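A short write-up of the structure that comes next.
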Amino acid sequence: MAQTAKKLESLTPIPGGSGAKSKFNLLHINIGVIPLPLYLCIATVVYLATVYEVLPTDMIGGFAIIITMGILLGEIGMKIPVLKDIGGPAIMALLVPSILAYFNLINETGMTAVTQLMKSSNFLYLYISILVAGSILGMNRKVLLQGFSKMFVPLVLGTLASVGAGVLVGMLFGYSAKHTLFFIVVPIIGGGIGEGILPLSIGYGQVLGADAETFVGQLIPAAVIGNIAAIICAGLLSRLGTKKPHLTGNGTLVKSKGGDGITESTTINKPVDFPLMGAGLLIACTFFIVGGLGHMVLGMPGPVLMIVAAALVKCFKLVPAKIEQGAHHMYKFVSSSLTWPLMVGLGLLYIPLEDVVKIVTPSYIVVCVAVVVAMVATGYFVGKLMNMHPIDSAIVTGCHSGLGGTGDVAILSASNRMSLMPFAQIATRLGGAATVILAIMLLKLVS
């Protein structure tokens, strides 16, 4: 009996031993914040609903797909060596869904649900509105004003540098200066597809006497490749900031004597208040609507006017501090929970690999990368001279070479600096609009 007891004891897993350890590890593997067994159950339910076409083709189904894919791809992107240091989660969340869509591996039910969420329900602009409202209202007033006043210098000089570098490198690879400027450089810095490529194609069609549709496929590849290059640059800059903290404000654009001053103490030292977060959501939606009304009256882009409205409200203290707190906490929730899922939706619908594959060559990629690197490098060195945090200045300037709001989200996510969204939106919207107007005017002169 004693020997039998000893044998049984030897077969029992010892707490902390190899048997218990492997069981412990299996149960504590997370996909995002969700335990692996629960995640597998959720993913199976969503997959089967998609296959059997019972997935709701609305916000519910859309969120189910992009969140399920987003947290998985983000987790993978953080684990892959090298890739994790250059914005791996953002790259994975954008490119993998785009590849799946290219090979028609997402069925019609799934694509319809995502389309309803992203386009019909306009989730992208809701996300941007929440980030703009929350980051501006949670920002130190002095830093806010300094940032907006100083950011235009690196933006303008970066644009000039990117044009010069792009045309020069393009000519070295055998492209004409005219083709390089109008069909590679300008699409990259034009402000995205909706605000840049489409207006450009219409303008080019009118000037050159052709259908606008014929130019879309020629312009999109440069914008997509430029955006990927900007994401990688942002990831590398973020890694540089980790190694050399004195070069970055970790989301603060302008250096301040009293610390970074990016966030008011009233917004970060208070516990989360859910009703106030609801008020913050309403404030964000209101700012977006104000931008639309302003566009109708002034003709300026609505997102730009939204930022101006939020900045004025902050500077003149037009809302109580507790409402600012709610908006800031809402921003923190959305930026930490829905960024990678959002990029899945963008990858499925807004990154057209079919157009990219048709036109891309190694020399074409080199020209696109040269444009982005010149933009980012100029932002870095000019920002350093202007008492700005050079890494944050470079990241904001680099957003001018992104895919509009889509690019801003991806670039800032890759660098973990979502608080720079208001400045990134200015760089993208105003910089892109100015680029489109000047490019069409210049094309008229040289044609």
Side-chain angles (χ1 to χ4, degrees), residues 77 83 86-88 90-99 101-102 158-159 161-175 179-198 200-201 215-237 343 346-377 394-395 397-415 427-428 431-432 435-436 439:
L83 186 65
I86 57 173
I91 294 173
M92 290 291 292
L94 275 174
L95 292 187
V96 171
S98 182
I99 293 170
Y102 177 70
T159 301
S162 67
V163 170
V167 170
L168 178 60
V169 174
M171 292 174 67
L172 290 175
F173 280 99
Y175 295 100
H179 178 84
T180 303
L181 175 62
F182 292 108
F183 290 91
I184 301 180
V185 178
V186 170
I188 294 175
I189 61 177
I193 294 178
E195 297 86 351
I197 300 300
L198 297 183
L200 275 174
S201 63
F215 294 105
V216 175
Q218 300 178 54
L219 300 176
I220 283 181
V224 173
I225 294 172
N227 191 68
I228 294 172
I231 293 170
I232 294 173
C233 286
L236 292 172
L237 286 166
M343 282 189 283
L346 298 176
L348 287 172
L349 301 178
Y350 294 96
I351 307 294
L353 286 190
E354 183 176 359
D355 292 328
V356 175
V357 170
K358 289 178 182 177
I359 202 170
V360 170
T361 62
S363 59
Y364 188 94
I365 294 174
V366 172
V367 177
C368 294
V369 171
V371 172
V372 177
V373 170
M375 176 82 69
V376 172
I395 291 171
T397 306
C399 287
H400 186 23
S401 52
L403 280 173
T406 305
D408 291 344
V409 172
I411 293 166
L412 297 183
S413 171
S415 58
T428 301
T435 299
V436 169

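Since the structure is predicted, the reported quantities are computational estimates derived from the model, not experimental observations.
Contacts of F183 classified as ring pair (Phe, Tyr, Trp, His ring centres under 6.0 Å), with partners at least two apart in sequence or in another chain: H179, Y204. Partners of V169 under the side-chain contact (heavy atoms from CB on, under 4.5 Å) rule, at least two apart in sequence or in another chain, are F173, V366, V367, A370. Scored by the side chain to side chain donor-acceptor pair (under 3.5 Å) test, T428 finds D408 as partners (sequence neighbours excluded). Residues passing the side chain to side chain donor-acceptor pair (under 3.5 Å) test with S413: none are found, sequence neighbours excluded. In this view, A229 and V369, V372 satisfy the side-chain contact (heavy atoms from CB on, under 4.5 Å) rule, not counting sequence neighbours. For L95, the side-chain contact (heavy atoms from CB on, under 4.5 Å) test picks out I91, I228, with sequence neighbours left out.
Heavy atoms only, all atoms of each residue included: V376 and A394 are closest at O-CB, 3.4 Å. Closest approach of L219 to S201, counting heavy atoms only: CD1-N, 4.0 Å. Closest of all the heavy-atom pairs between S162 and M375 is OG-CE, 3.6 Å. Minimum heavy-atom separation, A165 to A374: CB-CB, 3.6 Å. A pairwise comparison of heavy atoms in G398 and A230 identifies O-CB, 4.0 Å as the closest pair. When all heavy atoms of G190 and V436 are compared, the closest pair comes out as O-CG2, 3.6 Å.
Only one option out of I225, V186, V185 pairs with V371 in a side chain to side chain contact (heavy atoms under 4.5 Å, CB included); it is V185.
Note that SG of C399 is 4.5 Å distant from CG of L412, once rounded to the nearest 0.5 Å. One finds the OG atom of S401 at 5.5 Å from the CD1 atom of I411 (value rounded to the nearest 0.5 Å). Atom CD1 in I231 sits 12.0 Å away from atom CG in L236 (nearest 0.5 Å). Here the CE atom belonging to M92 is positioned 8.5 Å from the CD1 atom belonging to I99, to the nearest 0.5 angstrom.
Here the side chains of I184 and C368 are in contact, with some heavy-atom distance below 4.5 Å. Two residues are said to be in side-chain contact when any heavy atoms from C-beta on lie closer than 4.5 Å; L94 and N227 meet this criterion.
Between the side chain of T435 and the main chain of G431, a donor-acceptor pair closer than 3.5 Å is present. Looking at Y175, its side chain never comes within 3.5 Å of a backbone N or O of S363 through a donor-acceptor pair.
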